[in-house]
**Q** 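Got a structure for you, written out below as structure tokens; questions coming shortly.
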Amino acid sequence: MIKKVLTWLGIAFLIFFIAFNPNSAAQVFSSLGSTIGDIAQGFGTFFTNLVA
């Protein structure tokens, strides 16, 4: 029950954040996407060097 409430509160906060601070929200998501891309590139480089 608590997990469900916290999930809905998180979704509500996310919608609120995007609605009232769209520029900041875009920067946050851009930063997260860039970080995930960097991590994926690091794993790719690791496995390439591991096999070579």
**Q** Report all side-chain donor-acceptor pairs from residues 44-52 shorter than 3.5 Å, counting only partners two or more places apart or in another chain.
**A**
from	atom 1	to	atom 2	distance (Å)
T45	OG1	Q41	O	3.0
T48	OG1	G44	O	2.7
N49	ND2	T45	O	3.3

**Q** Only one of I39, D38, L32 forms a side-chain contact (heavy atoms from CB on, under 4.5 Å) with T35, so which one is it?
**A**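 The single option meeting the side-chain contact (heavy atoms from CB on, under 4.5 Å) with T35 is I39.
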**Q** By the rule that ILVMFWY residues connect when side-chain heavy atoms come within less than 4.5 angstrom, directly or transitively, which residues belong alongside I11?
**A**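 Listed partners: W8, I15.
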**Q** Share the residues that join F20 in a hydrophobic cluster, the rule being Ile, Leu, Val, Met, Phe, Trp or Tyr side chains under 4.5 Å apart at the heavy-atom level.
**A**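 The other cluster members (ILVMFWY side chains, heavy atoms under 4.5 Å, direct or chained) are F16.
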